[in-house]
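Side-chain atoms are counted along with the backbone in the values below, which use heavy atoms only and exclude waters and symmetry mates.
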Amino acid sequence: MGAIVAIVGRPNVGKSTLFNRLVGMRQAIVDQTAGVTRDRHYGKAEWCGKEFSVIDTGGYTTNSDDIFEEEIRKQVSMAIEEADLILFLCEVSTGITDYDAEIADMLRRIKKPVIPVVNKIDSGNQMYGTYEFNALGLGEPFAISAISGSGTGDLLDRICELLPAEKEEKSEENIPRITIVGRPNVGKSSITNAFLGQERNIVTPLAGTTRDSISTLYNKFGYKFMLVDTAGLRKKGKVTEDLEFYSVMRAIRAIENSDICILMIDAQCGMEAQDMSIFNLIAKNKKGCVIVVNKWDTITKESNTMKEYTTLIKKRIAPFSDVPVIFTSVINKQRIFDVLETAAAVYKNYTKRIPTSELNAVMLEEIENYPPPSTKGKYIKIKYITQLPSKTPSFAFFCNLPQYIKEPYKRFLENKIRAHFGFTGVPIQIYLRQK
């Protein structure tokens with residue numbers, strides 16, 4: 001389970017700059033997918049082989065100039081509850097303000113590791129200003145400049161020391177974890193109850209009834225997996241009520257810890273921007289995905305409504321459009337079992353291994369028929385292909401000039417792998433390595 005590091009502090013101390021500094025180092029490299037919208041306030045950082053998620057709580061306030069103490073207090077208390085480690089950011093020029101003292105007061109009472117950080121130290125003379133911050137009573141403060149990056153290396157070393165050791169998850173015989181995600185009120189809890197055949201979750205017509213991620217062991221009809229129902233994800237702008245901010249944090253955590261995500265959308269609204277951002281989170285974390293269009297009974301249908309609707313969705317989620325789409329009406333218990341069967345099939349694809357000999361036999365022939373276009377008079381030869389021993393399907397293509405192979409050809413390779421070996425619902429990573 002990935003650790004979460006939260007950055008807290010009053011407005012304008014540089015939380016977002018520090019966030020970008022911690023996450024940005026990797027962000028550009030990590031996303032091989034073109035056009036993945038990057039979430040502004042959530043990202044992954046890696047240092048010395050440790051990976052953790054960083055959350056900038058400042059991204060969740062009301063964007064008014066006079067942010068009330070109440071707002072900041074809420075954010076800090078949430079970060080305290082959800083995160084594994086807290087970075088408390090202050091700035092050197094103002095010294096300790098009343099806000100800082102109040103936040104420090106909350107942080108002193110908790111059992112989690114807190115690192116006090118003093119930002120905006122851009123010259124040697126300002127170093128002396130950091131000593132004042134010992135008075136916060138949270139230990140030795142780290143002096144950094146988030147803009148130039150000075151001091152952030154030592155800070156990252158400290159974060160890695162204090163992060164809890166990775167807990168080996170004792171999952172029963174490695175059961176797949178299937179998480180149900182989506183906006184509030186699309187029927188996530190109802191479908192969980194329908195699967196389990198009992199009222200496990202409270203269902204109300206009010207959006208946002210489920211606050212926590214609830215996991216249940218499902219063991220029926222020859223299927224066995226952990227089913228996780230998450231709180232609804234809403235637009236960041238709507239994260240006004242304090243609990244909503246959690247839901248976003250928890251859903252992020254739930255997606256990170258799942259194998260397959262069932263993304264539920266409302267048939268009447270279609271695939272909205274927010275559904276897209278959830279989908280992008282799933283793709284970014286390289287998880288299997290099944291899209292379920294719920295409340296299909298409320299749509300007036302003609303002979304090929306379903307087909308048109310599916311095409312529309314696939315257009316929206318391109319380039320990763322090889323995702324099964326299922327139409328259900330949970331209330332009428334329509335096609336609910338299909339969702340389970342499809343999720344199980346996607347999990348099979350998610351863990352599928354293709355023997356190297358078979359992979360080479362099929363793919364080398366495809367490459368021969370359609371070789372990579374030559375660049376600057378240089379011919380690219382792909383000699384050998386193998387599936388990498390990673391958790392999600394990744395393939396390495398060994399060739400003489402990997403730097404000349406462009407995105408469209410990578411997509412061609414991916415599509416051929418999908419056509420021959422069927423990885424429906426699962427993102428595939430393609431790496432080109434020097435032979």
Salt bridge (Lys or Arg N to Asp or Glu O under 4.0 Å) between E414 and K410, intermediate numbers included: CA-CA 6 Å; E414 179 183 326; K410 277 168 117 175; over 6 Å; no

Task: Evaluation steps, side chain to side chain donor-acceptor pair (under 3.5 Å), between D122 and S145 - done: CA-CA 6 Å; D122 303 313; S145 161; 3.0 Å; yes

Test T328 against V292 for side chain to side chain contact (heavy atoms under 4.5 Å, CB included), laying out the working first.
CA-CA 7 Å; T328 64; V292 172; 3.5 Å; yes

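Of the charged side-chain nitrogens involved, none lies within less than 4.0 Å of a carboxylate oxygen, so that K50 and E46 do not count as a salt-bridged pair. Ion pairing between R158 and E161 holds under the 4.0 Å rule for side-chain N and carboxylate O.
The backbone N or O of A344 lies less than 3.5 Å from no partner atom in the side chain of N349, so there is not a single donor-acceptor pair. The main-chain N or O of R10 is found under 3.5 Å from a side-chain atom of K15 such that the two form a donor-acceptor pair. Checked by atom type and distance alone, the side chain of D275 pairs as donor or acceptor with a backbone atom of E272 at under 3.5 Å. At least one donor-acceptor pair closer than 3.5 Å links the side chain of S329 to the backbone N or O of N332. Between the side chain of K287 and the backbone N or O of S258 there is at least one donor-acceptor pair closer than 3.5 Å. Listed for the R353 side chain is a donor-acceptor partner under 3.5 Å among the backbone atoms of L388. Judged by distance alone, with hydrogens and angles left aside, the side-chain atoms of N119 form no donor-acceptor pair with the main-chain N or O of C90 at under 3.5 Å. D266 contributes a side-chain N or O that, together with a main-chain N or O of Q268, makes up a donor-acceptor pair within less than 3.5 Å.
Geometric assessment of R433 against the ring of Y431 yields a positive cation-pi assignment under the 6.0 Å and 45° thresholds.
Annotation: side chain of Y404 is in contact with side chain of L401 (closest heavy-atom distance under 4.5 Å). I382 places a side-chain heavy atom less than 4.5 Å from the side chain of I367.
Tested against V54, the residues V23, L87, L85, L18 include a single side-chain contact (heavy atoms from CB on, under 4.5 Å) partner, V23.
Residues F423 and F395 place their aromatic rings such that the two centres sit under 6.0 Å apart.
Note: Y309 and W296 have perpendicular aromatic rings, judged against thresholds of 30 and 60 degrees for the angle between ring planes.
Nearest heavy atom pair, residue I262 against residue A343, reads CD1-CB, 4.3 Å.
Within the structure, the salt bridge (Lys or Arg N to Asp or Glu O under 4.0 Å) test picks out the following pairs touching residues 381-391 (sequence neighbours left out): D259-K391.
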